[in-house]
Amino acid sequence: MEVIIIFAILFLVILCLSLFFLLNYNHFQEYIIRINEAEANIDSVLRKRFDLLNKSTDFIHEVTEEEQALPTVINLRSQKLSNIELDKQLYPAIEEFQSYADKYEKLKENEGYVKTQINLMESESEIVALRKYYNDITKEYNKLVISFPSRIVAILKKYQKKELYEERKEKKRKVF
């Protein structure tokens, strides 16, 4: 009779530990899926922004007759960057793109430049929203990774904290 009670207690302990592990594991998986979806959406918008800048080198070169238009974008072509790094690198490229209009008045009248400018502004609001969503779910995931008792599952499955996108404080450009 004592052996049956010991086995029953042992079975209940194993069952409780298994349930604890499975519930926490599933919780992690939910966040990982959401983070991956957010990263894919961010990647899509970043690639769109890069493509816009990349295509603009041709008409900027034609209008300005500079030997190499948008050198920052040209340098980005050969680099393999993560989304977070690409996001950081695109802002100087966008500022460089916008500075050409300050140097060359006739560029402001170029249809390609105007369309690119509009598309970049539209994609900015999109990327801000996606970045906020990514940061929100990543913060929750990171809390799971470091807090007890979910930390046990994180250690067993080798889950690590994930990097956040930096909040970007936009500079106000003077428009004349």
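Basis for what follows: all heavy atoms, side chains included, without hydrogens, waters or symmetry-related copies.
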**Student:** Where do Glu124 and Tyr91 land on the side-chain contact (heavy atoms from CB on, under 4.5 Å) test, with the steps shown first?
**Tutor:** CA-CA 10 Å; Glu124 179 61 24; Tyr91 280 97; 2.8 Å; yes
**Student:** Hey, does the side chain of Ser56 reach the backbone of Leu53 with a donor-acceptor pair shorter than 3.5 angstrom?
**Tutor:**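 Looks like yes, one N/O pair under 3.5 Å.
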**Student:** I'd like to know if Lys143 and Glu140 make a salt bridge, using a cut-off of under 4.0 Å between side-chain N and carboxylate O.
**Tutor:**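 Counted as a salt bridge, because a side-chain N and a carboxylate O are separated by less than 4.0 Å.
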**Student:** For the CD atom of Glu163 and the CD atom of Glu85, what is their distance to the nearest 0.5 Å?
**Tutor:** 7.0 Å
**Student:** Can you sort out the partners of Asn24 under side chain to side chain contact (heavy atoms under 4.5 Å, CB included), two or more places apart, ordered by chain and number?
**Tutor:** Phe20, Ser150, Val153
**Student:** Leu17 and Ile9: same hydrophobic cluster, using ILVMFWY side-chain contacts below 4.5 Å?
**Tutor:** yes
**Student:** Kindly indicate whether the side chain of Asn41, heavy atoms from C-beta on, has any atom under 4.5 Å from the side chain of Tyr134.
**Tutor:** no
**Student:** For Glu39, does its backbone N or O pair with a side-chain atom of Asp43 as donor and acceptor, under 3.5 Å?
**Tutor:** no
**Student:** Nearest 0.5 Å, please: how far is CD in Glu37 from CD1 in Ile33?
**Tutor:** 7.0 Å
**Student:** One thing to verify: whether Asp51 and Arg47 come together as a salt bridge, which I'm taking to mean a side-chain N less than 4.0 angstrom from a carboxylate O.
**Tutor:** no
**Student:** Could you grab the distance from atom CD1 of Ile127 to atom NZ of Lys48, nearest 0.5 Å is fine?
**Tutor:**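 Going from CD1 on Ile127 over to NZ on Lys48, the span is 10.0 Å.
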**Student:** Please check this pair: side chain of Arg151 against backbone of Val145, looking for a donor-acceptor N/O pair closer than 3.5 Å.
**Tutor:**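 Indeed, once roles are kept as given, a pair shorter than 3.5 Å links the two residues.
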**Student:** For the side chain of Ser18 and the backbone of Ile14, is there at least one donor-acceptor N/O pair under 3.5 Å apart?
**Tutor:**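 Checked: pair present.
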**Student:** Establish, for the pair Arg34 and Tyr141, whether the NZ or CZ atom is under 6.0 angstrom from the six-membered ring centre and no further than 45 degrees off its axis.
**Tutor:**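 That pair does not qualify as a cation-pi contact.
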**Student:** Same cluster or not: are Ile152 and Leu144 linked, directly or through other Ile, Leu, Val, Met, Phe, Trp or Tyr residues, by side-chain heavy atoms under 4.5 angstrom apart?
**Tutor:** yes
**Student:** Report the distance from atom NZ of Lys115 to atom CD of Gln117, rounding to the nearest 0.5 Å.
**Tutor:** 14.5 Å
**Student:** Quick one: does Asn142's side chain have a donor or acceptor within less than 3.5 Å of a partner on Lys162's backbone?
**Tutor:** yes
**Student:** Is there a donor-acceptor pair closer than 3.5 Å between any side-chain N or O of Tyr25 and the backbone N or O of Ala154?
**Tutor:**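 Here the side-chain-to-backbone pair does not exist.
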**Student:** If I take atom CD1 from residue Ile155 and atom CD from residue Gln160, how far apart are they, to the nearest 0.5 angstrom?
**Tutor:**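 Atom-to-atom, Ile155:CD1 and Gln160:CD are 9.5 Å apart.
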**Student:** Minimum heavy-atom separation for Leu120 and Ser123, please, with both atom names.
**Tutor:**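 Closest pair (atom of Leu120, atom of Ser123, distance): O-OG, 2.9 Å.
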**Student:** Going hydrophobic residue to hydrophobic residue with side-chain gaps under 4.5 angstrom, can you get from Tyr159 over to Phe148?
**Tutor:** yes
**Student:** Quick one: which of Leu76, Leu90, Asp87 gives a side-chain contact (heavy atoms from CB on, under 4.5 Å) with Leu81?
**Tutor:**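 The passing option is Leu76.
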**Student:** Determine whether Ile32 and Phe21 fall in the same hydrophobic cluster, where Ile, Leu, Val, Met, Phe, Trp and Tyr are linked whenever their side-chain heavy atoms lie under 4.5 Å apart.
**Tutor:** yes
**Student:** Would you indicate whether the side-chain heavy atoms of Ile118 and Val114 approach each other to under 4.5 Å?
**Tutor:** yes
**Student:** What's the separation between atom CG in Leu164 and atom CG in Asp136, rounded to the nearest 0.5 Å?
**Tutor:** 9.5 Å
**Student:** Specify the closest pair of heavy atoms between Glu126 and Val45, including all atoms of both residues, with the distance to one decimal.
**Tutor:**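 Residues Glu126 and Val45, closest heavy atoms: OE2-CG2, 3.4 Å.
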**Student:** Does atom CD of Gln79 have more than 12 heavy-atom neighbours from other groups under 6.0 Å away?
**Tutor:**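 Yes.
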**Student:** Evaluate the criterion side-chain contact (heavy atoms from CB on, under 4.5 Å) for residue pair Arg49 and Ile94; output intermediate values, then yes/no.
**Tutor:** CA-CA 9 Å; Arg49 296 180 103 194; Ile94 292 170; 3.4 Å; yes
**Student:** Fit a plane to each ring of Phe97 and Tyr113, take the angle between them on a 0 to 90° scale, and name the class: parallel (under 30°), tilted (30 to 60°) or perpendicular (over 60°).
**Tutor:** parallel
